[in-house]
Amino acid sequence: MGAPTTNPYRLLPSVEEALALEPIAAQGARVSRGLLVGFVQETLERWRAEIKAGELDAKGVEERLARGDLLRSVEARVERERGSGLRRVINAAGVVLHTGLGRAPVHMEAAAAMARAASGYCTLEVDRFTGRRNQRDDRLAELLVRLTGAEAGIVVNNNAAAVVLLLNTFAQGKSTIVSRGELVEIGGSFRMPDVMERAGTRLVEVGTTNRTRIGDYRAAAKGDVALLLKVHTSNYRVVGFTEEVEAADLALLGRELGLTTCFDLGSGLLEGEDGPRLAPLLQEPLVRAVVASGVDIVTFSGDKLLGGPQAGLVVGKRPAVERMRKNPLYRALRLDKVTIAGLEKTLELYLTGREAEVPSRAMLSRSKEELRPIAERLARSLAAIDGITARAIEDRSQPGSGSAPTVYLPTWVVKVRAKRLDAETLAARLRAADPPVFARIHEDELVLDPRTLFPGEEDELVACFRSAVASQG
Ligand SMILES: *Cc1c(COP(=O)(O)O)cnc(C)c1O
């Protein structure tokens, strides 16, 4: 018992004293003075709480100060502050439409158009040939009509917004029929029954989870039923003894009974006139075919299989589309100029036969023969790093974002182990790297899928691994 009376609180520097320490003061060049003060206060308060709880004594405080723990803690907060927010990452998970990583990366020309629209003025709501005011999505509607064969179109913020607008326009205060097999939940918070309630329509469920027939819709289509809604089970499949009603049959029934019909497609696979085909690969319905089935409205996402910026695309019969446009809610859900610029460019790529260049489509189309040499090269470079073992192996990738859930794309991946780190720790260090790297973990191995790597990212990836294992200790 050396100096049992030393008060540990007394050993703590004041905030002013801490800020005057050279290495802490140096952090002032990286964040504002106010934030730095806050970070120092936070650390000292945490230490005080530990003293109060009896977890830290005078000796402990002395040791921490001698070790430079105060500086390290402040430094870590500064690092976190500077590394927070949206930043580019390397997607080595192979999930092409990864919602957590921003879904579809847009084409460079679309990105350039978005940057131009963002940084200057543009013809958002004016026709430069007549000088008159027009609708901001007039051109988008024109492109969508050409691409899908629909009579008209409008575009809103995302597909969830399109569904809300649809339900509210045609069935507010009334009922909407949906099959029990199609009451989807997308991405955690978009649950069809909840969305319907908020949009002001009552849900009438028909059929069973695995079988719904047209007679079920007919029998339920009475009273205040206003809308027959079909929902693509984009992120799951019911297999086995199943039966669902075709869009064309629903459209016929709707016309016979004078009810509006809609198909919420979600993923929304578009194909150009004579471009390459993804439909057979992904087993997804084509927007054009669903429009041709005769339903009044078809809704789908801009940033799923289409490969554009986040948006909700609505196409269909002109009177139905016009009713949606006249709904005051449309004003609250409409697109901004940046998204319009990116979406116009993306749709133009489809119309000029260049859809294979859309990055997400190109990634989905990559064959395992194309990916194998990349995986093998990557495995060799990683295996050359001290403390790492890596091997290339055949595997499967998933399209992602609730698109084509039963489809697995044959691929080649690299399986990586670090000798002194478990897979979780290695993954965490890679996420903290610059740029951050996201990979899959399978059976305590890190799995890198080159399907989602852009040209030039291989070298960056290897450098990130080098720094991740070097920082161990
Ligand atoms: C993805 C999806 C939605 C939601 O679309 P967002 O663009 O994410 O808003 C709605 N319905 C279906 C069927 C979907 O697949």
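We count ligands from 1, going down the list as the structure has it; atoms in each ligand are counted the same way.
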Can you give each donor-acceptor pair under 3.5 Å made by side-chain atoms of residues 218-225, sequence neighbours left out, with the distance rounded to 0.1 Å?
from, atom 1, to, atom 2, distance (Å)
Arg218, NH1, Glu256, OE2, 2.8
Arg218, NH2, Glu256, OE1, 3.0
Lys222, NZ, Ala219, O, 3.0
Asp224, OD1, Ser175, OG, 2.8
Asp224, OD2, Arg202, NH2, 2.2

Inset, instruction - Answer with yes or no whether the side chains of Thr411 and Asp395 bring together a donor and an acceptor at under 3.5 Å. - result: no

Inset, instruction - For Ser301, take its heavy atoms, then give the atoms of ligand 1 lying under 4.0 Å from any of them. - result: 5 (O), 6 (P), 7 (O)

Inset, instruction - Answer with yes or no whether Ile186 contacts ligand 1, where contact means a heavy atom under 4.0 Å from a ligand atom. - result: yes

Inset, instruction - Classify the side-chain pair Glu244/Thr212 by whether it contains a donor and acceptor separated by less than 3.5 Å. - result: no

Inset, instruction - Would you check whether Asp264 has a nitrogen or oxygen atom less than 3.5 angstrom from a nitrogen or oxygen atom of ligand 1? - result: yes

Inset, instruction - For atom 2 (C) of ligand 1, state which one of Gln310, Lys304, Arg103, His232 supplies the nearest heavy atom. - result: Lys304

Inset, instruction - Classify the side-chain pair Arg451/Ser397 by whether it contains a donor and acceptor separated by less than 3.5 Å. - result: yes

Inset, instruction - Can you sort out which atoms of ligand 1 are near Ser234, meaning under 4.0 Å from one of its heavy atoms? - result: 12 (C), 13 (C), 14 (C), 15 (O)

Legend entry - Distance-only side-chain donor-acceptor flag, Asp264 / Thr299, under 3.5 Å: yes

Inset, instruction - Looking only at distances, please establish whether an N/O atom of ligand 1 is found under 3.5 Å from an N/O atom of Gly266. - result: no

Inset, instruction - Using a strict cut-off of 4.0 Å, indicate which atoms of ligand 1 neighbour a heavy atom of Asn158. - result: 7 (O), 9 (O)

Legend entry - Under 4.0 Å to a heavy atom of Ala160 - the qualifying atoms of ligand 1, by number: 4 (C), 5 (O), 6 (P), 9 (O)

Legend entry - Presence of salt bridge, Glu81 and Arg30, under 4.0 angstrom: no

